[in-house]
Amino acid sequence: MEMSLPPYADRPVAVVTGASSGIGRATARTLAEQGWQVIGVGRDPVRSAAAEAEIAAAAREDGGFTMLRGDFTLMADVRRVAGEIQHLTPRLDVLINNAGGVRDRQIISAEGTEATFAVNHLAPFLLTRELTPLLRASAASLPAGSTRVIAVSSSGHRAVDGLDWDDLQSLGEFRPAVAYCRAKLANILFTRELARRAGPDGIVAQAMHPGVVASNFSAHGDAAMRAHMAAADTVPPDEPAETLAWLATEPEGGRTGGRYFHRRAEELPAEAARDDAAAARLWTESERLLDGLGLH
């Protein structure tokens with residue numbers, strides 16, 4: 001059965017990944033409360049059902065929230081979700097690539113990709129590529145700067161000095177924290193190149209650091225990561241959700257793409273995250289990896 005959203009008229013449409021818990025759930029709820037038509041994506045069926053009930057009840061209008069299910073360690077699932085979104089709406093005003101996570105060990109998916117790299121970078125890269133026609137449709141009908149793609153990165157990108165081009169996915173030596181930090185660096189580099197490529201179409205790309213958030217983020221991390229999270233001063237998911245909603249709706253988020261934010265303020269990311277040559281190469285390598293999976 002083909003799904004469809006209620007007629008949105010002048011209601012803006014947003015997609016929020018990782019919407020079943022934590023930052024994504026809080027962000028989806030915030031936008032739905034503001035009258036947006038929100039499409040969430042979640043992996044866990046129980047958490048997704050709970051989030052759907054909560055956000056739908058909080059939405060300003062009936063039908064203001066729709067939850068889709070997808071496992072973003074699998075690129076075939078990402079493409080399926082993208083297809084479902086394309087059936088739901090003819091345009092997309094804001095895409096928030098929030099889904100991510102850290103693992104305690106190397107996990108190779110059925111497609112042969114490494115899970116940390118896949119869910120944190122390759123999945124949002126593919127989803128954005130697949131949804132670009134909807135973003136372009138939005139940009140063509142809205143004031144400049146209204147159509148946006150926002151990446152949830154991390155200050156963890158500062159802990160590494162670049163990507164390993166000989167082993168981009170950490171398929172050889174695997175250190176959980178390093179793999180995660182490189183993936184978060186990839187988020188910013190992808191945002192930088194996306195801003196360059198999509199800017200002429202009227203699509204603005206930004207990245208942000210959410211802070212250390214009290215959520216289930218580190219549930220699959222190793223002992224060191226769980227200990228770090230337990231000892232850190234955390235913020236509730238509502239705090240970064242506020243920044244994400246601000247980037248999605250306020251003028252600053254639509255001005256000059258390729259920037260990095262924290263707590264509603266622009267920050268300068270690490271030098272490795274400002275490398276235009278690395279950003280362009282990452283795009284090419286990501287396309288090559290998808291080609292290898294038959295996702296042309």
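Checked by atom type, the side-chain pair N97/T128 shows a donor-acceptor distance below 3.5 Å.
If you chain together hydrophobic residues whose side chains sit under 4.5 Å apart, L74 and L289 never meet in one group. Note on F190 and L293: same hydrophobic cluster, where clusters join Ile, Leu, Val, Met, Phe, Trp and Tyr whose side-chain heavy atoms are under 4.5 Å apart, directly or indirectly. Taking hydrophobic clusters as Ile, Leu, Val, Met, Phe, Trp and Tyr residues chained together by side-chain heavy-atom distances below 4.5 Å, I55 does not share a cluster with V46. With hydrophobic clusters built from ILVMFWY side chains whose heavy atoms lie under 4.5 angstrom apart, L31 shares a cluster with W246.
The distance from the CD1 atom of I85 to the CG atom of L131 is 5.0 Å, given to the nearest 0.5 Å. Remark: M208 CE to R264 CZ distance equals 11.0 Å, nearest 0.5 Å. Here the OG atom belonging to S286 is positioned 10.0 Å from the CG atom belonging to L189, to the nearest 0.5 angstrom. Here the CZ-CG distance, from R103 to N120, works out to 9.5 Å after rounding to the nearest 0.5 Å. The structure places CD of Q37 at 11.5 Å from CG of L92, a figure rounded to the nearest 0.5 Å. Taken from CG in L282 to CD in E285, the straight-line distance is 8.0 Å, to the nearest 0.5 Å.
Listed by chain and residue number, nothing satisfies the side-chain hydrogen bond (donor to acceptor under 3.5 Å, both in side chains) test with T132 (two or more places apart in sequence, or in another chain).
The aromatic rings of H262 and H209 sit tilted relative to each other, their planes meeting at an angle between 30° and 60°.
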Residues 169-176, side-chain donor-acceptor partners within the protein, below 3.5 Å, at least two apart:
unit_1	atom_1	unit_2	atom_2	d
Q169	OE1	E114	N	3.0

Side chains of residues 268-279: which donor-acceptor pairs under 3.5 Å do they make with residues two or more places apart or in other chains?
unit_1	atom_1	unit_2	atom_2	d
R274	NE	P269	O	3.0
D275	OD1	A277	N	3.0
D275	OD1	A278	N	3.0
D276	OD1	R192	NE	2.5

Exercise for the section: Take S20 and D44, measure what side chain to side chain donor-acceptor pair (under 3.5 Å) needs, and give me the verdict at the end. Expected result: CA-CA 7 Å; S20 61; D44 182 87; over 6 Å; no
Exercise for the section: Report the C-alpha separation of L295 and R129 in whole Å, then their side-chain angles, then the decisive distance to 0.1 Å, and conclude whether the side-chain contact (heavy atoms from CB on, under 4.5 Å) test is met. Expected result: CA-CA 11 Å; L295 299 171; R129 189 185 77 176; 4.3 Å; yes
Practice task
In sequence, state the C-alpha distance, the side-chain angles, and the governing distance for I96 and T27, and then conclude on side-chain contact (heavy atoms from CB on, under 4.5 Å).
Solution key: CA-CA 9 Å; I96 298 178; T27 303; 3.7 Å; yes
Practice task
Please report the C-alpha distance between E252 and F261 in whole Å, then the side-chain angles of each, then the deciding distance to 0.1 Å, and finally whether the side-chain contact (heavy atoms from CB on, under 4.5 Å) criterion is met.
Solution key: CA-CA 11 Å; E252 184 63 23; F261 292 83; 4.1 Å; yes
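V204 is not listed as a side-chain neighbour of T147, based on a closest heavy-atom distance of 4.5 Å or more. Looking only at side-chain heavy atoms (C-beta outward), R43 and F72 stay at 4.5 Å or farther from each other. With contacts defined as side-chain heavy-atom distances shorter than 4.5 Å, the pair P240/V235 qualifies. Side-chain contact between V152 and N187 is absent, with no heavy-atom pair separated by less than 4.5 Å. When side chains are defined from C-beta on, V38 does not count as touching T66, because their heavy atoms never get closer than 4.5 Å. The shortest side-chain heavy-atom distance between L95 and I150 does not fall under the 4.5 Å cut-off.
If you look at F125 and W283, their ring centroids are closer than 6.0 Å.
Here the side chain of R259 pairs no donor or acceptor atom with the backbone of E266 at under 3.5 angstrom. Using a distance-only test at 3.5 Å, with no hydrogens or angles considered, no donor-acceptor pair links the side chain of T73 to the main chain of V119. Put simply, the side chain of D201 never gets that close to the backbone of I203: no donor and acceptor are under 3.5 Å apart. Of the possible polar contacts, one joining the S153 side chain to the K184 backbone as a donor-acceptor pair under 3.5 Å is found.
Among the candidates D93, T89, V13, the single residue satisfying the side-chain contact (heavy atoms from CB on, under 4.5 Å) test with S138 is D93.
Around the CG atom of D291, the shell of radius 6.0 Å holds more than 12 heavy atoms that belong to other residues, nucleotides or ligands.
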